[in-house]
Amino acid sequence: MSQSDPASQFQETFSATPEWHIKAPGRINLIGEHVDYLDGFVMPAAIDRSLEMLVRANHTDQVRIWTTLVGNREPVSFSLSNLEPQSGDRYWLNYIAGVFEMMRRHGIELKGFDAVITADLPTGAGLSSSAALETVSALAMEAVTGTSLNPLKRAQLCLQAEQEFAGVPCGMMDQLAVGMGRKNHALLIDCRDHSVEPVPIPSDVAIVIADTQVKHALGDGEYRKRRESCEAALSILGKESWRDITDSDLADKEAELGELLMRRSKHVISEIKRVLKMRDALLSGNLEPIAEIMRAGHESLRDDYEVSCPELDFLVDAAYDFGTKNGLIGSRMTGGGFGGSTVSLVKIDAAEALKSHLSDRFSDQFNREPNCFIAQIAEHAVSTPFVTK
Ligand code: GLA
């Protein structure tokens, strides 16, 4: 049995053919980092690296899963009758069981199924493998129960699962990007009302992702601390929403905020502005300002929000050394940080050269290869009846 053949794996494991094929993309975020849980604007895009699930109803109350995502190649199962947060080597099941619990609370009568999950999307790389896993799980349960959630409701249930089961107090950017992404477009999401505006990416622009393979774990507390600091800052600022805060509001409260909350706040309000500048640049066709927008975004995450790491900083510097005169458009860390990946926009004919440059520079510095690849902007998650090829 070859690992590249999930349908044969399904047959071998469950002695049956799948009924559904479900696919959810990962995402990059072009700008708008750590502001989705603060009413900000964000600008992610779905990519052509994904997580796939083959599914067949099994008419029991058990969900049985075989997957390449974790070391154990035996099927793992759990009952739908008592869904609770998992820990230890079953922690990853929170992204599945948590979604089912939220669907149950939403009124859906859950049904058991068998599944094989495979992925060419790296996990823990800041590319939203968690939201992809949540979304394929929701779509699988929808398929076997004959229900259909709208993308916003599905994203909300997936977010609740991540918050309550996986314990990460994240915003909804990833779930919306995975569930609503559009080919060749980034999504400008207003996280105050969750409205989504597709922003076309010019056809001569390519995306290079460089995964440091420094594993981030957003459940480990630093992410939560950032969110709590910002909530404390907002209450000192005495406003309802970060969208109502100006530079002069910040200056007025500098003494009360203190040095740390001042830096965190500066990141938030400057990052929200950068997203709108990015939209203007992309729509105007003059991409020149993007180099500065992305560089300033990275520096703000590095110095004021403190969620970068030396490997990410190195890759961003290396991209700017490659230079705009050689085709770079802009580069920054992407996703939650503390490891993970950088995203670079580059003229299409310079993409291979940038990819090699980043890879070589990184290997010289850290004595190991990063995972660099060129990504296309893809469509959102979909569920289709399984057809034997
Ligand atoms: C993670 C979270 C998102 C978002 C980003 C940072 O990906 O899941 O909600 O906060 O970090 O922008």
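None of these values were measured; they are calculated from a predicted model. Just so you know, ligand 1 is whichever comes first in the structure, and atom 1 is the first atom listed for that ligand.
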Number the atoms of ligand 1 from 1 as they appear, then name those within less than 4.0 Å of a heavy atom of Arg27, with their elements.
-> 7 (O)
Heavy-atom proximity to atom 5 (C) of ligand 1, picking from Glu162, Glu271, Met173, Met172, points to Met173
Do Thr13 and Gln9 have side-chain N/O donor and acceptor atoms under 3.5 Å apart?
-> yes
Can a cation-pi geometry be assigned to Arg263 and Tyr305, taking NZ or CZ under 6.0 Å from the six-membered ring centre and within 45° of the ring axis?
-> no
Considering only heavy atoms, does Arg227 approach ligand 1 within less than 4.0 Å through its side chain, its backbone, both, or neither?
-> neither
With a cut-off of under 6.0 Å to the ring centre and 45° to the axis, is Arg90 in cation-pi contact with Phe78?
-> no
Ligand 1 atoms in contact with Gly171 (distance to a heavy atom under 4.0 Å) = 9 (O)
Would you mind running through ligand 1 and noting each atom that sits below 4.0 Å from a heavy atom of Tyr37?
-> 10 (O)
Quick one: does Asp36 get an N or O within less than 3.5 Å of an N or O on ligand 1?
-> yes
Could you tell me whether the side chains of Asn326 and His357 share a donor-acceptor contact shorter than 3.5 Å?
-> no
Distance-only polar pair, side chains of Glu33 and Asn29, donor-acceptor under 3.5 Å = yes
Can the positive tip of Arg56 be found less than 6.0 Å from the middle of the six-membered ring of Phe10, inside 45° of the ring normal?
-> no
Relative to atom 7 (O) of ligand 1, which among Leu176, Val307, Asp174, Leu38 owns the nearest non-hydrogen atom?
-> Asp174
